[in-house]
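Below is one structure, written out as structure tokens, with a few remarks after it.
Just follow the structure's listing: the first ligand is 1, and inside any ligand the first atom is 1.
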Amino acid sequence: MPELFLAGGTVLDATGTRRAHVRVVDGMVVETGDGIEAGPRAQVLDASAAVVCPGLVDLHTHLRQPGNEEAETVESGSRAGALGGYTALVAMPNTDPPIDSAAVVRQVLELGRASLCEVAVAGAITMGRAGERLAPLAEMAEMGVRLFTDDGAGVQDGRLMRRALEYALPLGITLAQHCEDASLAAGSVMNEGEWSSRLGLPGQPAEAEELMVMRDIALARMTGGRLHFLHLSTAGSVAMVGAAKAQGLAVTAEATPHHLALTESCLSGYDPNFKVNPPLRTERDRAAVRRGLADGVIDAIATDHAPHTQEAKEMPLDQAPPGMVGLETALAVAHTELCSGEGPLMSLAELLAALTWRPAAIAGLHTRHGGPIEAGRPANLCVFDPTARWRVDPEAMATRSRNSPFGGREMTGRVRHTIRAGEAVVIDGQAQR
Ligand code: DOR
């Protein structure tokens with residue numbers, strides 16, 4: 001691999017900000033500084049007017065392989081991730097077959113080996129994600145799996161969830177919950193409230209999420225187990241997680257770019273691209289999720305990248321599957337919403353904490369991802385131009401699916417280059433293989 005030289009950027013990591021070039025050799029950062037020079041045969045990439053940060057880490061990616069390769073593959077999803085500045089993705093287990101055994105873990109890890117992002121795997125908590133019997137957590141943990149979830153559904157049975165938390169504790173793994181009471185959410189298409197009444201659509205109350213958040217906080221307290229709350233969407237959930245953290249419980253939480261940016265009113269045109277689980281909520285909920293992120297109650301921004309074929313998303317709203325693609329827009333959406341315009345809610349450094357080093361720690365990927373950017377560290381990096389303006393075009397995306405809710409929207413901030421294990425996999429916004 002040729003030497004790589006990132007020239008003229010501002011390095012931003014958990015240790016702070018500085019003007020520095022970055023020299024990369026054999027997959028590692030070997031030198032950083034203002035006065036350093038590129039070697040004679042180095043590949044020089046322009047980082048001027050841009051920020052050089054650790055590559056992003058997504059805690060929540062649906063890569064759809066095995067089983068739904070029409071919507072996404074590990075390869076296409078990883079390419080989408082690299083274009084979005086990601087160097088590591090955690091693949092969700094709601095595949096077909098689900099990732100509930102060592103054999104399927106091995107298969108997905110194998111598929112990820114040649115892809116543009118490092119692919120880690122989340123295992124299922126229960127066999128077949130059916131919520132009845134525990135999956136072989138120890139066997140999967142032995143293969144390096146750190147996060148377990150039945151995402152797409154929550155574990156409904158409190159006794160089983162308690163057992164899973166107890167079992168997980170000595171294994172040093174984290175259970176990630178999709179908080180949704182299936183009976184309260186049954187048949188819903190969107191959030192229950194003023195808009196669902198107005199549109200005549202069946203709604204899902206905030207309580208469908210909040211009851212499970214409440215139960216799982218109680219179970220975390222009871223067992224001492226480690227819990228991560230996936231895609232929190234309501235003000236009540238954020239308040240409960242904040243209180244649990246204040247009590248010192250081992251809980252972490254994530255929010256998605258779409259819950260930070262959009263509300264239930266987006267469903268007014270009955271467009272299935274705005275159908276997602278948990279559903280887009282009220283303005284008050286959106287504000288609470290944003291505030292929770294700014295306050296650190298919510299640790300990470302995770303995409304919940306959920307590709308679906310055009311055929312599936314063209315079905316009527318009640319039949320179309322929930323989910324939105326997000327890997328190629330997450331950083332830009334979050335930056336546009338939270339860091340730019342008048343009265344930004346947070347600094348770029350705070351935003352990147354939620355997209356890189358904090359999720360890297362939650363996923364147990366921090367030895368390779370999330371920085372700091374200094375000699376001796378693996379070169380998993382993103383070069384981001386915070387002033388570049390562009391318009392989202394789902395047709396131009398690398399994901400196999402087109403179900404973005406942000407099509408046509410103007411963004412401020414764009415990924416310029418992505419470096420994965422020392423290789424420039426994206427240069428000037430173009431995937432290199
Ligand atoms: O909207 C969603 N889509 N929410 C989930 O939890 C699952 C996901 C999917 O797999 O499509």
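The pair Glu69-Arg64 fails the salt-bridge criterion, with no side-chain N (NZ, NE, NH1 or NH2) lying under 4.0 Å from an Asp/Glu carboxylate O. Ion pairing between a basic and an acidic side chain is recognised when a charged N comes within 4.0 Å of a carboxylate O; Glu410 and Arg391 show such pairing.
The one candidate from Asp151, Asp150, Asp216 that meets the side chain to side chain donor-acceptor pair (under 3.5 Å) condition with Gln177 is Asp216. Among Asn94, Asn68, Thr303, the single residue meeting the side chain to side chain donor-acceptor pair (under 3.5 Å) criterion with His62 is Asn94.
Distance alone, capped at 3.5 Å, places no donor-acceptor pair between the Glu328 side chain and the Gly326 backbone. With hydrogens and angles disregarded, no donor-acceptor distance shorter than 3.5 Å links the side chain of Asp428 to the backbone of Arg416. Side-chain atoms of Lys313 do not come within 3.5 Å of backbone N or O of His308 as any donor-acceptor pair.
Taking every non-hydrogen atom of His231 and a distance limit under 4.0 Å, the qualifying atoms of ligand 1 come out as 6 (O). Atoms of ligand 1 lying under 4.0 Å from at least one heavy atom of Gly152, given by number and element, are 6 (O), 7 (C).
Contacts between Met324 and ligand 1 below 4.0 angstrom, taking non-hydrogen atoms only, are absent altogether. Heavy atoms of His308 found under 4.0 angstrom from ligand 1 belong exclusively to the side chain. Residue-level proximity to ligand 1 for Arg64 is carried by the side chain, the only part with a heavy atom below 4.0 angstrom. With a 4.0 Å heavy-atom cut-off, ligand 1 is reached by the side chain of Asp304 but not by its N, CA, C or O. Under 4.0 Å from ligand 1, not a single heavy atom of Lys275 appears.
Among the atoms of Ala306, none of the N or O lies under 3.5 angstrom from an N or O of ligand 1. At a 3.5 angstrom cut-off on N or O pairs, Val276 does not count as close to ligand 1.
Inspection of the His178 and His231 side chains reveals an N or O donor paired with an N or O acceptor under 3.5 Å.
Of the protein's non-hydrogen atoms, the one nearest atom 3 (N) of ligand 1 is Pro322 O, 3.0 Å. Of the protein's non-hydrogen atoms, the one nearest atom 10 (O) of ligand 1 is Asn94 ND2, 2.8 Å. Considering only non-hydrogen protein atoms, atom 4 (N) of ligand 1 sits nearest to Asn277 O, 2.8 Å.
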Take Arg433 and Glu423, measure what salt bridge (Lys or Arg N to Asp or Glu O under 4.0 Å) needs, and give me the verdict at the end. CA-CA 11 Å; Arg433 58 182 170 91; Glu423 178 190 354; 2.9 Å; yes
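Residue contacts with ligand 1 do not include Glu180, since none of its heavy atoms lies under 4.0 Å from the ligand.
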